[in-house]
Amino acid sequence: MTAAFPAPAWLVGCGNMAGAMVDGWRRAGVDLSGVTVIRPSGTPVEGVRTVTTYPDEVPHFVMLGFKPQKLAEIAPPLSEHVGPATTLVSMLAGVTIEDLRHRFPDAAAIAKIMPNLPVAVGEGVVPILADGETGGVEALMAALGTVVPCQSEQDVAAIGALASAGSAYFARFAEAMGKGGAGQGLDPETAQRLAVQAMLGTAAYARDRKISMAELARRVASPKGTTERGLAMLDAPDGLQALVDRTLEAAVRRGRELAEEVRRG
Ligand SMILES: NC(=O)c1ccc[n+]([C@@H]2O[C@H](COP(=O)([O-])OP(=O)(O)OC[C@H]3O[C@@H](n4cnc5c(N)ncnc54)[C@H](OP(=O)(O)O)[C@@H]3O)[C@@H](O)[C@H]2O)c1
């Protein structure tokens, strides 16, 4: 299925994440002529009509791109525009399809997504949980990277912690590597740039060669060599894996808390 917006299409809120998606669609050559961004500041979004109030039209596609905490305020007036011709797409962390169905009872279909910032360069990961016929949404998301159809809220939350929040975790790791390099005497800016390049190059190599991360590490670490000595630190019982487990658990737990906060209004 080719990627096309069912017009008229509204993007309600377009900050970091929805803005990255617009960048990705523009980059992929998706027609944005039927799309309108609605945001209070009216800050222009390149290539898309941007307004501050809901247009006088029935939208066939509405994407929620604001913070979850704004849902209670935005949903009542917006739901008057969302009818049986409208597919609703939400990227609100933690907010469940059940909650959205309650707030937008007339929507033809609802899709929950949890994209990540690399959608801007066509390298995103987008889990989708669907309630109703949302095939067109999958095609739109496929223009932004890898789509992962999900069967449960739990899967979306887990992929969100891994790949969406994960962009921030990978950024932190690269930053820590840069600082570590600076600690070994490199110029801090150079060390940071090289850490990012090494991360990018490692990911590209693994994808190109279709090898596992374990195999990749094995190819770098010769027995009794320098890499092996460093890996022993990361692989210590309370090392990297334990830290990552705690990190993802904390993110998933926060998603559940957010859902509860939003549900209570
Ligand atoms: N950032 C990520 O990596 C990421 C990843 C996955 C999911 N998400 C989800 O994406 C959503 C947005 O996050 P973000 O990081 O993009 O936040 P953000 O940069 O702060 O953007 C929030 C957007 O909401 C708009 N907004 C605020 N009040 C509004 C209202 N009353 N009506 C319509 N729009 C309104 C803002 O408009 P103005 O700019 O005009 O004020 C802005 O465009 C969140 O629900 C988050 O859970 C984010």
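One-based numbering, in listed order, for ligands and for the atoms of each. This structure is a prediction, so every number in the text was calculated from the model and none was measured.
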Which atoms from ligand 1 have a heavy atom of [X] less than 4.0 Å away?
X    : answer
P115 : 5 (C), 6 (C)
E73  : 31 (N)
M114 : 6 (C), 7 (C)

Per the ring pair (Phe, Tyr, Trp, His ring centres under 6.0 Å) rule, which among F61, Y54, F5 passes with W10?
-> Y54
Looking at side-chain heavy atoms only, is the closest gap between [X] and [Y] below 4.5 Å?
X    : Y    : value
E189 : Q192 : no
I97  : E153 : yes
C14  : V22  : yes

Separation between CD1 (I113) and CE (M17), nearest 0.5 Å, reads 7.5 Å
Does [X] reach ligand 1 with a nitrogen or oxygen that is under 3.5 Å from one of the ligand's nitrogen or oxygen atoms?
X   : answer
V12 : no
S41 : yes
C14 : yes

With atom 22 (C) of ligand 1 as the reference point, say which of G13, G65, S90 has the nearest heavy atom.
-> G65
Shortest reach to atom 2 (C) of ligand 1 by a heavy atom, considering only K67, Q69, R39, M17 | M17
Does R101 come within less than 4.0 Å of E98, counting only side-chain N to carboxylate O?
-> no
State whether R256 and E261 are salt-bridged, where the test is any N-O pair (Lys NZ or Arg NE/NH1/NH2 against Asp/Glu carboxylate O) under 4.0 Å.
-> no
To check your reading of the model: name the closest protein heavy atom to [atom], its residue, and the distance in Å.
atom                    : value
atom 11 (C) of ligand 1 : F66 O, 3.2 Å
atom 19 (O) of ligand 1 : N16 N, 2.8 Å
atom 8 (N) of ligand 1  : M91 O, 3.8 Å
atom 5 (C) of ligand 1  : S164 OG, 3.1 Å
atom 26 (N) of ligand 1 : P40 CD, 3.7 Å
atom 21 (O) of ligand 1 : G15 CA, 3.3 Å

Would you find a donor on one side and an acceptor on the other, under 3.5 Å apart, between the side chain of S222 and the backbone of G225?
-> no
Any donor and acceptor pair, going by atom type alone, linking the side chain of R27 with main-chain N or O of V121 inside 3.5 Å?
-> yes
Looking only at side chains, do Q241 and D245 share a donor and an acceptor under 3.5 Å apart?
-> yes
Could you tell me whether I74 approaches ligand 1 through its side chain, its backbone, both or neither, with non-hydrogen atoms closer than 4.0 Å?
-> side chain
Heavy atom under 4.0 Å from ligand 1: found in A93's side chain, backbone, both, or neither?
-> both
